[in-house]
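A quick write-up on the structure given underneath.
Every chain is numbered from 1 and lettered A, B, ... according to where its sequence line falls, protein lines coming before strand lines.
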Amino acid sequence: MQQLDSTTANPSDVAAGGGDFFGIPYGWPLALAIVALVIVMWIARQPMHRIVRQSFFFLGYMFARWGSALLDHGRRAREVTNEKIASQRADELQDRMLHLEEKMGKRTEQLARETGPILKKLDKATHELATSANAISDINLEDAAERAFRAALPSMESSRGLSKVEKNIAQNTARTMNERLAPLRPALITIRNESPRLKEVAEKLVKIEHDFNKNASDVNQAFSEFEEIVRSEDRKKIAARASIVVPWLIAVLITTIALAGVFLNFFLIERPMAEIVGEGARIGGIGLPTFAAIIVIFLEFVTGVILMDSAGFTRLIPAFHSMSANGRRVMLIVSFTFLALFSVMEMTLSIVREQIIEQDRETDRLAAQIIGPVLVAPASSVDAPAATDAAAPSQAPQRANVFGLELSTFAQLILAGVIPWLLAAAALPLETIIRNSVFIVSIFASFALIFLGFICRTISALFKNIGVFVLAIYDFIIFLPLFIQRYVQARRAGDAGSPRPRAKDDDFVLNDPAPPKAPKREKSRQSEPELEKAS
Amino acid sequence: MMRYLAGAACGLSLLALASCGLVTSTNRSVFFVFDVSGTYVKSVPDATKMANITIAKLLPGDWVGASQISACSFSEKEIILQRQLPTTPSLAAEGKRELFNEFAAYAAQVKSAKYTDIRGAIAQASFELKQRPEEKRFIVLFSDMLDDYSKSCDTSEIELDLKGIHVVAANVIKSDPADPQKYLDMLKEWEATVVAAGGTWSLVTSPDLLPKLVTGV
């Protein structure tokens, strides 16, 4: 735009000077164009409004619909997930209850065997105590003392001095009392012996009762939780109570450690696998020995999964659930045997690996050594090429060995033997990972749907408001003719005596307020004209 | 039932087709060419040592050939050996040791030639390599790269076809230390010749670089 200098020139002069706006020269042509545009816009107001409304409001409406649908789907997905989590928790509790029930059943069988001797002992001890007590109660001490005293009298009469008499009385009474109380002693000994046994037996019985009560309490707790899960309407609360992430994280951690073992295993068997499958081919860009090693590891893992499932530790394979106990036992033995064979195979491969490394080292040494006329006999084994350098082995220091193997080879052997079993153990957390991953993905998916729904609704509000804003701007541009139009309409309406037409056919009012709702009391009064007539 | 069978058949066919494309070979063929003309014959033991070091790094299943540059090199008579290493590591190690012995025997009884038919030797090596199924093909030349053709066997004008072949010039000794430019020009000329014939060219000066270049390890 050109700067207008009011002191030296008028707009027309400046326009004549060459300035323009979209090809329209400044000054009166531009002013005329603006007026024309405003008039055109005023004339085209209604269709333009309709276009803007249809485009922006329609988009807003579409996004609102999508948002509602997504929110609805998200909430439903969450509900379904909650229901699945609750069902899964119920299944877990059911298993726990069955397990406890089984445990209690076995304990009951044991209890009959355990309590039989205890009760016999108790009966015997009680009987002996009762006999002793009877014996004690049968003895009349007063009578015994009197009899003892009387029995002592004749000997007392034969004595002369008073002191002797007293002494005799005491001695004779004591002896006689001792004789009379002699039958009482075994009973007292029996009481002394039987009391601790009785205490011990009673303690055993208390412990058994405590164990039983604990098991019963566990069963009750599991049952009440199970019942709550089955009956409760608040599925969200029930689902929130079941921990998903923590067991999942623990399982992932354990599996990661197991996978580290897999890598170790892979490097152990990759090279010697070339002795079995050969080298020179690639499958999908992976060398054949590498591919074979990966397959062996997968097979070991699958065997481990079957072993764990057939042993009843996991429930990954549905076929095992419906299988008979005998069938599962057969599968257990088969998978155990296969895993043992894999273990032996890996141990063998670890030795082969060492041999290959040794051979390669020897070949490299020979390659660097053989020059010119030095001839070497063809090697048939690892040890044969040593002939070319006979002095070397004798000079080499003796390495520590176990069962004729170097320590490192022996360590490899142990590792190779153990790793297949560790891989099998990795199947244990796999169940938790698979099951909880499904729940976690479901929850995230439901949240994603809800979030998308929220975004759609936000976009919807945005489109609607942009539409309103555009209409307002449009009307602001043509405010002058619009004002005149409204003024004229108001005048005409005033002349005719009719009330002013409202927003239905007046697009200028964008947000026509809704008519105020009548109070309920007024409504009820207005809706009964019959009563008015009657009165 | 028929639908299931048809589906299974289609699936298997697709799997078989995919498998065909998935399985590829990693083997390479390496052809060593020893120059026995003039004074270079004294370098043959060193050259065989370099060849041994390279062979030691080859993988099971790789193919090895060897010939010599003489007065008329484009001939089966000049071929020293051709052998494929077994595919298992232990047998391959034995095969490599046998090759070492053969090279040692060759280096012990090698005789000098009057002329240097390098072009004929390359053509011979290229011809042999073209028969091989391996995708990666190498010609390793142990020579001073100074050709000298006899009148009876002048191959200087023959056309070379080195498509898909990597030519490696190793142990190129400097015959005239007083004229480095001549040496460099000669190398450039050979590079241009190889590239023009569709091959690729490398110069190896250090013995440890040759196995790396050939095996990629």
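Among B/Pro207, B/Ala92, B/Ser25, B/Ser90, the residue with the largest count of heavy-atom pairs under 4.5 Å with chain A is B/Ser90. Most heavy-atom pairs under 4.5 Å with chain A: of the set B/Pro86, B/Ala56, B/Ala51, this distinction falls to B/Ala56.
Surrounding OH of B/Tyr183 are more than 12 heavy atoms belonging to other residues, nucleotides or ligands, all under 6.0 Å away. Few gaps surround OH on B/Tyr149; more than 12 heavy atoms of other groups in view lie less than 6.0 Å from it. The environment of NZ in B/Lys42 is sparse: at most 12 heavy-atom neighbours from other residues, nucleotides or ligands sit within 6.0 Å.
The nearest pair of heavy atoms linking A/Gln359 to B/Arg97 is O-NH2, 3.2 Å. Across all their heavy atoms, B/Lys57 and A/Asp364 have their closest contact at NZ-OD2, 3.3 Å. When all heavy atoms are compared, the tightest approach of A/Thr363 to B/Ala93 is OG1-CB, 3.8 Å. Listed here is the closest heavy atom pair of B/Pro89 and A/Glu279: CG-OE2, 4.0 Å.
For A/Ile283, the parts sitting under 4.5 Å from any heavy atom of chain B are the backbone and the side chain alike. With a 4.5 angstrom heavy-atom cutoff, B/Leu59 touches chain A only via side-chain atoms.
Here CD of A/Glu275 is found 9.0 Å from OG1 of B/Thr87. Values are rounded to the nearest 0.5 Å.
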